[in-house]
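See structure below.
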Amino acid sequence: MTYKRSDRVGDLIKEEVASIILHGDIKDPRVGFVTVTSVRMSRDLKNVTVLFSMIGSDEERERSAEGLNSAAGYVRRVLAKRLRLKHIPSVRFEFDRSLEYAMHMNEIIKEVNENGGTGSD
């Protein structure tokens, strides 16, 4: 399996964005305690979607996403200073629902195991 340039750049951007958030460089009060889980980099390296997770209500998640997306220009400027890339991609943030889905599936499996796999309630 080959490791594409977009994967390498995506990994680098993930680390840098996580560092920006961790060190409190984003001052928007809407941004809660978020964790960068992954990035989706376009093949042409012009766009990156940063996926994040956080504990909280749907409203808090939405506010954090709004705060992060309003700071996307700032994040892009910081990336331009830190990374040696010819073109810095535009940045977009999305809440990562895969962890929620995994927890939901885990609960379903737990219920099935507790009921002995009979399917009866």
Side-chain angles (χ1 to χ4, degrees):
M1 186 166 110
T2 61
Y3 196 54
K4 297 183 290 187
R5 177 167 165 74
S6 61
D7 293 337
R8 291 191 309 269
V9 172
D11 288 345
L12 188 59
I13 288 174
K14 177 184 173 191
E15 289 178 25
E16 291 299 331
V17 171
S19 174
I20 292 166
I21 293 170
L22 177 67
H23 291 102
D25 294 345
I26 298 175
K27 304 293 186 204
D28 194 315
R30 295 176 291 183
V31 178
F33 184 72
V34 301
T35 302
V36 175
T37 56
S38 64
V39 295
R40 289 191 307 238
M41 190 86 211
S42 66
R43 288 180 188 232
D44 61 5
L45 306 178
K46 292 185 179 184
N47 300 296
V48 64
T49 302
V50 179
L51 299 171
F52 71 93
S53 67
M54 69 176 289
I55 296 173
S57 67
D58 286 340
E59 184 179 307
E60 290 170 325
R61 294 173 187 162
E62 186 64 33
R63 276 197 312 255
S64 286
E66 289 171 3
L68 288 167
N69 280 310
S70 71
Y74 169 75
V75 170
R76 188 173 186 219
R77 284 190 301 276
V78 172
L79 290 174
K81 291 177 186 175
R82 293 184 183 182
L83 303 178
R84 299 181 113 180
L85 295 174
K86 190 172 186 177
H87 300 286
I88 301 299
S90 62
V91 180
R92 194 173 119 243
F93 290 89
E94 272 184 28
F95 179 71
D96 186 358
R97 298 213 176 268
S98 65
L99 296 175
E100 265 183 2
Y101 179 74
M103 289 187 336
H104 174 69
M105 292 304 292
N106 193 29
E107 288 297 318
I108 291 173
I109 292 168
K110 186 177 174 181
E111 281 182 33
V112 167
N113 286 336
E114 287 174 356
N115 291 333
T118 61
S120 62
D121 290 331

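For this chain, numbers begin at 1 and follow the sequence in order. These figures come from a predicted structure and were not determined experimentally. Every heavy atom of this structure was used, including side-chain atoms; hydrogens, water molecules and symmetry mates were not.
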Look at the side-chain heavy atoms of Ile, Leu, Val, Met, Phe, Trp and Tyr, link any pair under 4.5 Å apart, and say whether Val91 and Ile21 land in one connected group.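 Yes; tracing contacts between hydrophobic side chains, which count when under 4.5 Å, links both residues.
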Are Leu85 and Tyr74 in one and the same hydrophobic cluster, where Ile, Leu, Val, Met, Phe, Trp and Tyr link if side-chain heavy atoms are under 4.5 Å apart?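 Yes: a chain of side-chain contacts under 4.5 Å links Leu85 to Tyr74.
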Do [X] and [Y] have side chains that get closer than 4.5 Å, going by heavy atoms?
X: Phe95; Y: Met54; value: yes
X: Arg97; Y: Arg61; value: yes
X: Leu83; Y: Val9; value: no

Separation between [atom1] of [X] and [atom2] of [Y], rounded to the nearest 0.5 Å:
X: Ile26; Y: Ile20; atom1: CD1; atom2: CD1; answer: 6.5 Å
X: Arg5; Y: Met41; atom1: CZ; atom2: CE; answer: 9.0 Å
X: Glu107; Y: Glu114; atom1: CD; atom2: CD; answer: 8.5 Å
X: Glu59; Y: Ser64; atom1: CD; atom2: OG; answer: 11.0 Å
X: Lys14; Y: Asp7; atom1: NZ; atom2: CG; answer: 12.0 Å

What is the minimum heavy-atom distance between [X] and [Y], and which atoms define it?
X: Asp96; Y: Ser38; answer: OD2-OG, 4.4 Å
X: Ile88; Y: Arg76; answer: O-NH2, 2.6 Å
X: Thr37; Y: Phe52; answer: OG1-N, 4.0 Å
X: Val39; Y: Gly10; answer: CG2-O, 3.1 Å
X: Asn69; Y: Phe93; answer: OD1-N, 2.8 Å
X: Ser6; Y: Ser42; answer: CB-O, 4.0 Å

Should Arg82 and Asp25 be marked as a salt bridge (charged side-chain N to carboxylate O under 4.0 Å, His left out) after you check the CA-CA gap, both sets of side-chain angles, and the distance that decides it? CA-CA 14 Å; Arg82 293 184 183 182; Asp25 294 345; 3.5 Å; yes
In this structure, are over 12 heavy atoms from other groups packed under 6.0 Å from Ile55 atom CD1?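 No, the 6.0 Å shell around CD1 holds no more than 12 heavy atoms from other groups.
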Which residue is it: Leu79, Leu45, Val75? I am looking for the one with a side chain to side chain contact (heavy atoms under 4.5 Å, CB included) to Ile13.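 When side chain to side chain contact (heavy atoms under 4.5 Å, CB included) is applied between Ile13 and each of Leu79, Leu45, Val75, only Leu79 qualifies.
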